[in-house]
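Data block below; observations after.
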Amino acid sequence: MIKITLKDGVVREYENGVSVLEIAKSLGAGLYKAACLAEVNGEKCDLRTVLNEDSSVSILTFDDEDGKRAFNHTCSHVLAQAVKRLFPEVKLAIGPSVDGGFYYDFDSEVAFTPEILVKIEGEMKKIVKENLFLEKVELEPEEAISLMEEKGETYKVELIKEHADKGEKISFYRQGEFFELCAGPHIPDTSRLKAFKLTSCTGAYWRGDSKNKMLQRIYGTAFTKASDLEAHLLQLEEAKKRDHNKLGRELEIFTTVDYIGQGLPILLPKGTHIVQTLQRFVEDEEKKRGWLRTKTPLMAKSDLYKISGHWDHYQDGMFVLGDEEKDDEVFALRPMTCPFQYQAYLNRARSYRDLPMRLGETSTLFRNEASGEMHGLIRVRQFTISEGHLMCTPEQLADEFRNCLELTTFILKTLGLYEDVSYRFSQWDPDDKDKYIGTAEQWAEAQGVMKKILDDLNVNYKIGIGEAAFYGPKLDIQIKNVHGKEDTLITIQIDQMLAEKFGMEYVDKDGTKKNPYIIHRTSIGCYERTLALLIEKYAGAFPVWLAPEKVRITPIADRHHDAAYEIKNALMQAGIDDVSVDTRSEKLGYKLREAQLEKVPYVLVIGDKEAEEKTVSVRKRSMGDQGSMAISDFIELIKNDIETKVIW
RNA sequence: GCUGCUAUGGCGCAGUCGGUAGCGCGCAUCCUUGGUAAGGAUGAGGUCACCGGUUCAAAUCCGGUUAGCAGCUCCA
């Protein structure tokens with residue numbers, strides 16, 4: 001007999017050689033049915049694992065993150081098995097679980113159309129019914145390679161060869177006739193896969209490298225119950241309704257025109273209004289915090305970019321005007337502000353007394369993104385960023401960095417996005433010589449300085465190797481869109497290299513010349529992308545201070561029009577613009593419905609009673625009828641909303 | 001850039017087997033003058049994204065281009 005310590009601390013005795021699955025069964029039919037995975041002495045393993053000594057065991061179900069992953073991963077094996085049954089010539093690549101489901105990459109001559117996906121799903125259901133057991137098998141590397149070569153699975157051979165010299169056995173999982181290279185762990189049998197759906201098929205490069213062949217990736221998701229699957233699919237549908245790319249067009253925030261080009265959105269009056277409001281807010285806030293402003297050219301001769309290194313390291317991403325072979329002067333639209341704003345610093349000799357020097361600019365940039373990269377307002381070719389460069393001494397660096405971070409925190413909190421972001425410490429990739437300038441020593445120093453600052457500030461970050469700018473490390477503030485895709489909203493960077501390249505110096509107290517540290521930073525990010533995230537955050541129902549139409553005055557009958565315009569004037573005189581009057585001869589309910597759908601924060605209903613008493617009947621978005629109040633009281637109410645930037 | 005899908009009035013969509021276009025919403029006008037999420041009638045609006053091909057005939061079939069979508073790659 002062996003002693004098994006369970007999750008709740010209870011110790012039970014079992015026969016030597018008992019499997020975890022049998023233990024689960026002994027604990028109850030419900031747990032047995034729900035079990036996905038086990039954790040034995042802290043190690044994740046299959047439920048079929050057999051125990052021969054005293055152990056601590058916890059049974060993981062779909063409710064545990066690891067259980068869910070194993071469940072989805074097993075479903076990806078079933079997918080691969082089904083594809084091999086229907087298309088034996090298809091070669092298998094890899095098939096992991098991911099957030100919200102799983103995928104499997106196939107090298108197939110046949111394109112997997114939606115109709116084919118349905119057929120594959122049907123075959124998967126058969127496999128589930130067959131209740132195939134998943135059994136782990138370990139082979140010697142040579143054996144594994146020859147087996148996979150025999151089956152023509154060239155991708156698997158490549159993977160095994162990489163593992164071969166580690167001196168470990170290669171693990172496989174068998175389910176029926178299907179034999180798959182896999183480290184596991186897996187759920188015990190296919191019959192537990194009660195509810196799954198193949199959601200899409202797209203292209204994906206083998207090993208994530210665009211030099212490699214593009215494979216076909218089938219995405220899917222799996223649940224223990226059909227109702228959970230349906231709820232999940234419904235949730236995805238709901239998320240799509242918040243998609244800024246759809247909602248932003250519906251709400252007339254922006255549009256695109258095919259003959260203007262990709263990544264060049266037109267901001268309509270409502271979108272422009274929001275951006276302008278954000279811009280004033282940011283510029284005022286920066287001014288309070290000691291930032292000066294510059295206005296620098298949108299383009300420059302190639303000479304400038306040759307000094308900065310962009311000509312060599314970033315030319316593909318720039319819009320170049322002219323041809324170096326033919327033209328005397330070649331220009332390029334600016335892809336960043338750095339070398340332009342540095343000229344303000346270089347305007348005269350600087351002393352340590354000039355530092356820190358904080359230069360902000362609302363800066364329009366142009367980047368020639370590859371054609372497939374553009375996405376609504378999130379990824380565009382022309383955008384405007386709250387740019388800034390800060391030149392300082394080494395002693396000032398940590399404080400100034402903290403101030404930059406505090407500014408972004410303040411802005412994110414004001415926008416209501418603070419809880420939605422995560423931090424990434426973006427470092428260089430020493431193996432990527434094409435992308436990065438500078439020496440290993442320079443990078444070690446810049447990253448070391450940044451690490452210390454971040455750790456001192458207790459920033460909870462993850463590290464991104466190869467995510468640094470070509471001239472220095474970054475703190476990237478990341479946010480996910482409605483589809484779960486992560487983008488950089490805000491970035492704060494430390495740069496030691498460009499100051500040297502541009503000959504930026506200051507005379508220190510001791511009379512020696514030194515290069516300043518430079519912080520590149522944005523405070524709200526680029527306005528287009530931030531706007532996109534705000535549309536998704538609020539599903540178009542913006543806080544009052546940002547709302548492009550704050551008040552809609554709705555007279556009930558024609559005879560109330562004069563009273564309505566009087567109220568509009570009163571609001572305008574109180575400094576509240578963005579007020580409209582809906583004089584259409586529609587019923588009140590009809591007008592209210594439209595105002596609600598357009599997410600106008602306040603609707604003022606004006607009828608006989610209000611016209612008589614000089615009051616307004618206030619309807620608040622999503623809170624309905626608030627009753628009547630004096631016009632002056634309403635002005636106070638909405639002014640407070642605007643000034644405090646309250647979110648409701 | 002790559003893989004796949006898509007493109008029909010302002011928006012959302014229908015259009016079968018090729019025979020020169022329909023619906024709903026919106027818009028305009030008129031009637032209605034109403035009290036917190038859709039009152040009624042009439043009307044206007046489309047060279048079916050663009051270029052080319054096949055055909056007696058193309059929204060429909062074929063090729064290309066442009067743009068949009070999902071994903072990959074990329075993202076200073």
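If you're wondering where the values come from, they're calculated on a predicted model, not measured in any experiment. So you know, we letter chains A, B, ... as the sequences are listed, proteins then strands, and number each from 1.
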Query raised in the report: Mind checking who B:C17 pairs with, Watson-Crick or G-U wobble, both distances under 3.5 Å?
Result: none
Query raised in the report: Contact class for A:Gly607 (heavy atom, under 4.0 Å): base, sugar-phosphate, or nothing?
Result: base
Requested in this report: Would you mind checking if A:Glu612 and A:Lys609 are paired as a salt bridge, meaning a charged N to carboxylate O distance below 4.0 Å?
Outcome: no
Query raised in the report: About how many Å separate CD1 of A:Ile492 and CD of A:Glu400, when rounded to the nearest 0.5 Å?
Result: 11.5 Å
Requested in this report: For A:Leu597, answer base if it contacts any base atom (sugar-phosphate contacts may also be present), sugar-phosphate if it contacts only those atoms, and nothing otherwise; contact means non-hydrogen atoms under 4.0 Å.
Outcome: base
Requested in this report: Tell me what A:His483 touches on the nucleic acid: a base, only sugar-phosphate, or nothing, going by heavy atoms under 4.0 Å.
Outcome: sugar-phosphate
Query raised in the report: Mind checking the P distance from B:G46 to B:A41? Whole angstroms is fine.
Result: 24 Å
Requested in this report: Provide the distance between the two C1' atoms, one in B:C74 and one in B:C17, to the nearest whole Å.
Outcome: 46 Å
Requested in this report: Please measure how far the C1' atom in B:G35 lies from the corresponding atom in B:A28, and state the result in whole Å.
Outcome: 27 Å
Give every pair of a protein N or O atom and an N or O atom of nucleotides 47-51 of chain B that lie under 3.5 Å apart, one pair per line with the distance.
none

Report task. Please name all residues satisfying side-chain contact (heavy atoms from CB on, under 4.5 Å) with A:Ala239, sequence neighbours left out, ordered by chain then number. Result -> A:Val482
Report summary line: Counting primed atoms, P, OP1 and OP2 as sugar-phosphate and everything else as base, the B/S/- map of nucleotides 1-8 of chain B against protein heavy atoms under 4.0 Å is BBB-----
Query raised in the report: Rounded to whole angstroms, how far apart are CD on A:Glu369 and P on B:U73?
Result: 15 Å
Query raised in the report: Passes side-chain hydrogen bond (donor to acceptor under 3.5 Å, both in side chains), A:Glu610 versus A:Thr615? Steps please.
Result: CA-CA 5 Å; A:Glu610 291 77 12; A:Thr615 59; 5.0 Å; no
**Report entry** Pair listing, salt bridge (Lys or Arg N to Asp or Glu O under 4.0 Å) test, anchored in residues 552-566 of chain A, at least two apart
**Finding:** A:Glu549-A:Arg552, A:Arg552-A:Glu598, A:Arg559-A:Asp608, A:Glu566-A:Lys614
Report task. Name the nucleic acid region contacted by A:Tyr219, choosing base, sugar-phosphate or nothing; use a 4.0 angstrom heavy-atom cut-off, strictly under. Result -> sugar-phosphate
Query raised in the report: Base, sugar-phosphate, or nothing for A:Lys211, non-hydrogen atoms under 4.0 angstrom?
Result: nothing
**Report entry** d(OH, A:Tyr104; P, B:G71) in whole Å
**Finding:** 22 Å
Requested in this report: For B:C27 and B:C62, measure between their P atoms and round to the nearest Å.
Outcome: 39 Å
Query - Pairwise 5' ranking along RNA chain B for A:Ala557 and A:Arg529, keeping only the more 5' one - result: A:Ala557
Could you list the protein-to-nucleotides 12-17 of chain B atom pairs, N/O on both sides, closer than 3.5 Å?
none

Requested in this report: Using a cut-off of strictly less than 4.0 Å between a heavy atom of the residue and any atom of RNA chain B, enumerate the qualifying residues of residues 465-472 of chain A by number.
Outcome: A:Ala469, A:Tyr471
Query raised in the report: Can a salt bridge be assigned to the pair A:Arg379 and A:Glu369 using a cut-off of 4.0 Å between side-chain N and carboxylate O?
Result: yes
Report task. Could you tell me the separation between the CZ atom of A:Arg559 and the C1' atom of B:G34, rounded to a whole number of Å? Result -> 9 Å
Requested in this report: Can you sort out the partners of A:Thr337 under side-chain hydrogen bond (donor to acceptor under 3.5 Å, both in side chains), two or more places apart, ordered by chain and number?
Outcome: A:Ser363, A:Glu387
Query raised in the report: To the nearest angstrom, how far is A:Met336 atom CE from B:C75 atom P?
Result: 16 Å
**Report entry** Base B:C74 to side chain A:Arg379, donor-acceptor N/O within 3.5 Å cut-off
**Finding:** yes
Result block: side-chain N/O donor-acceptor pairs under 3.5 angstrom for residues 253-271 of chain A, not counting sequence neighbours:
residue, atom, partner, partner atom, Å
A:Thr256, OG1, A:Arg249, NH1, 2.9
A:Gln262, NE2, A:Ser371, O, 3.3

**Report entry** Ionic contact status for A:Arg619 with A:Asp625, cut-off 4.0 Å
**Finding:** no
Requested in this report: Provide the distance between the two P atoms, one in B:C48 and one in B:G10, to the nearest whole Å.
Outcome: 13 Å
Query - Paired nucleotide for B:G71 [Watson-Crick or G-U wobble; both distances under 3.5 Å] - result: B:C2
**Report entry** Ion pair A:Lys474/A:Glu467, N-O distance below 4.0 Å
**Finding:** no
Requested in this report: In plain terms, say whether A:Glu594 and A:Arg584 are close enough for a salt bridge, that is, a side-chain N and a carboxylate O under 4.0 Å apart.
Outcome: yes
Query raised in the report: Taking CG from A:Leu365 and C1' from B:C75, how many angstroms apart are they, rounded to a whole number?
Result: 13 Å
Query raised in the report: Base, sugar-phosphate, or nothing: which does A:Lys435 touch, judged by heavy atoms less than 4.0 Å apart?
Result: sugar-phosphate
Report task. Take atom CG of A:Leu268 and atom P of B:C11, then tell me their distance rounded to the nearest Å. Result -> 12 Å
Report task. Write down the distance separating the P atoms in B:U20 and B:A58, rounded off to the nearest Å. Result -> 11 Å
Report summary line: Quick note, salt bridge (Lys or Arg N to Asp or Glu O under 4.0 Å) partners involving residues 202-213 of chain A, not counting sequence neighbours, are A:Asp107-A:Lys213, A:Glu158-A:Arg207, A:Glu162-A:Arg207
**Report entry** Gap between atoms NZ and P, on A:Lys246 and B:G10 respectively (whole Å)
**Finding:** 18 Å
Query raised in the report: Checking all strands, does A:His375 fall into the base, sugar-phosphate, or nothing category for heavy-atom contacts under 4.0 angstrom?
Result: sugar-phosphate
Query - Integer angstrom distance from the C1' of B:U55 to that of B:G68 - result: 31 Å
Requested in this report: Under 4.0 Å between any heavy atoms, over every strand shown, what does A:Arg619 touch: base, sugar-phosphate, or nothing? Just pick one.
Outcome: base
Please tabulate, one pair per line, each protein N/O and nucleotide N/O from nucleotides 26-32 of chain B that are separated by under 3.5 Å, including the distance.
residue, atom, partner, partner atom, Å
B:G26, OP1, A:Tyr590, OH, 2.4
B:C27, OP1, A:Arg584, NH1, 3.2
B:U32, O4, A:Ser585, OG, 3.3

Report summary line: Partner of A:Phe112 under ring pair (Phe, Tyr, Trp, His ring centres under 6.0 Å), picked from A:Tyr103, A:Phe87, A:Tyr104, is A:Phe87
Query raised in the report: Is the NZ atom of A:Lys620 crowded by more than 12 outside heavy atoms at less than 6.0 Å?
Result: yes
Could you pull out every donor-acceptor pair under 3.5 Å between side chains of residues 92-101 of chain A and any protein atom, sequence neighbours left out?
residue, atom, partner, partner atom, Å
A:Ser97, OG, A:Arg69, NH1, 3.3
A:Asp99, OD1, A:Arg69, NH2, 2.9

Report summary line: Given the options A:His244, A:His483, A:Arg242, A:Glu536 meets side chain to side chain donor-acceptor pair (under 3.5 Å) only with A:His244
Query - With A:Lys587 via salt bridge (Lys or Arg N to Asp or Glu O under 4.0 Å) - residues at least two apart - result: none
Query - A:Thr488 versus A:Gln478, side-chain donor and acceptor atoms under 3.5 Å - result: yes
Query raised in the report: What does A:Gln626 touch in the nucleic acid at a heavy-atom separation under 4.0 angstrom: a base, only the sugar-phosphate, or nothing?
Result: nothing
Report task. Rounded off to whole Å, could you give me the CD-to-P distance for the A:Glu598 and B:C25 pair? Result -> 17 Å
Report summary line: Rounding to 0.5 Å, atoms CD1 (A:Ile307) and NZ (A:Lys301) come to a distance of 10.0 Å
Report task. Please measure how far the P atom in B:U32 lies from the corresponding atom in B:A37, and state the result in whole Å. Result -> 25 Å
